[in-house]
Amino acid sequence: MPVNALSVDVEDWFQVGAFENTISRADWDGLDCRVEGNTDRVIDLFARGGVKATFFTLGWVAHRYPALIRRIAEAGHEVASHGWDHKRVFTLSPEDFRDDLAASRVALEDASGTAVTGYRAPSFSIDTRTPWAHAILAEEGYSYSSSVAPIRHDHYGWHDAPRGAFRPVAGEPLIELPITIARVLGREVTAGGGFFRMLPSRVTTDAVKRANAGDTAAIFYFHPWEVDPAQPRVRNAPLKSRIRHYSRLGAMEGKLERLIAGHAWGRVDAVAAREAARLA
Ligand SMILES: [Zn+2]
């Protein structure tokens with residue numbers, strides 16, 4: 001049975017795509033930063049479950065909380081990149097994408113003392129609009145990316161991308177690990193984040209079992225702010241964004257504990273290495 005990929009996208013409650021048009025980056029420094037405490041809760045959760053995982057972390061977070069990044073690495077988890085400040089890749093020029101990657105990597109490597117070889121685009125924003133993005137990741141020496149959501153969704157999606165691991169750049173070792181897709185009531189959603197939080201756990205566990213039955217690892221993700229019911233509420237955000245962001249926060253930690261106990265989980269770099277060997 002393959003070991004599945006457990007991943008956390010480390011960003012604070014005010015940095016999410018859902019509030020992008022409500023909260024300006026210029027105001028971030030004045031807000032109630034909760035990412036450090038919430039990420040420590042996630043580290044404790046994983047220690048209780050006896051699992052290692054990958055923390056795709058913003059350079060912005062590493063710059064402010066280097067000791068947190070060190071704790072992630074010292075607990076045996078993988079520190080990987082989620083870009084600098086959550087700008088979606090399709091909003092950047094190729095040159096700005098390269099600069100964003102470099103700044104994030106320096107901050108993460110300095111803080112963790114480990115090499116960063118994995119990347120997840122903010123809001124799965126590598127799609128048909130960014131045909132240059134994987135080539136830049138390959139040139140910069142990343143061994144894998146987990147940046148593609150092969151579905152239709154109002155905020156993201158590259159719906160006809162492969163559903164399993166693939167080599168996105170001919171002749172390069174870079175592996176793309178698309179996020180696993182779950183099915184509910186005839187709809188397809190990503191296995192993780194708000195969908196995992198709001199829908200019955202069975203939707204996700206069925207997706208994990210389906211992947212594993214095909215000898216494939218599931219790729220699952222969530223965010224530290226999702227285990228924080230006490231986070232400040234953004235009252236002027238669109239209703240849809242508020243429903244997605246605040247629903248069932250109090251249930252999340254228990255659901256995660258049961259999901260972790262129910263399947264085999266590990267770091268994304270280990271899954272990428274296994275998939276690379278299979279594709280070779
Ligand atoms: Zn993110």
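Numbering of ligands and ligand atoms starts at 1, following listing order.
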(message) Before moving on, can you tell me the angle at the Zn ion (ligand 1) between the NE2 atom of H86 and the NE2 atom of H82, to the nearest 10 degrees?
(response) 100°

(message) For a distance under 2.8 Å, tell me if H223 has an N/O/S atom near the Zn ion (ligand 1).
(response) no

(message) I'd like to know: is the Zn ion (ligand 1) within the 2.8 Å range of an N/O/S atom from E11, strictly under that distance?
(response)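 Yes, within the cut-off.
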
(message) Can you tell me which residue among S81, S145, S146 is in a side-chain hydrogen bond (donor to acceptor under 3.5 Å, both in side chains) with R120?
(response) S146

(request) Give, for atom CD of E275 and atom CD of E176, the distance between the pair rounded to the nearest 0.5 Å. (result)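 Answer rounded to 0.5 Å: 12.0 Å.
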
(request) Output the distance between atom CD1 (I260) and atom CG (L256), rounded to the nearest 0.5 Å. (result)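 With rounding to 0.5 Å, CD1 (I260) is 5.5 Å from CG (L256).
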
(request) Determine, for K52 against E78, whether the closest basic-nitrogen to carboxylate-oxygen distance falls under 4.0 angstrom. (result)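 Not counted as a salt bridge, because no side-chain N and carboxylate O are separated by less than 4.0 Å.
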
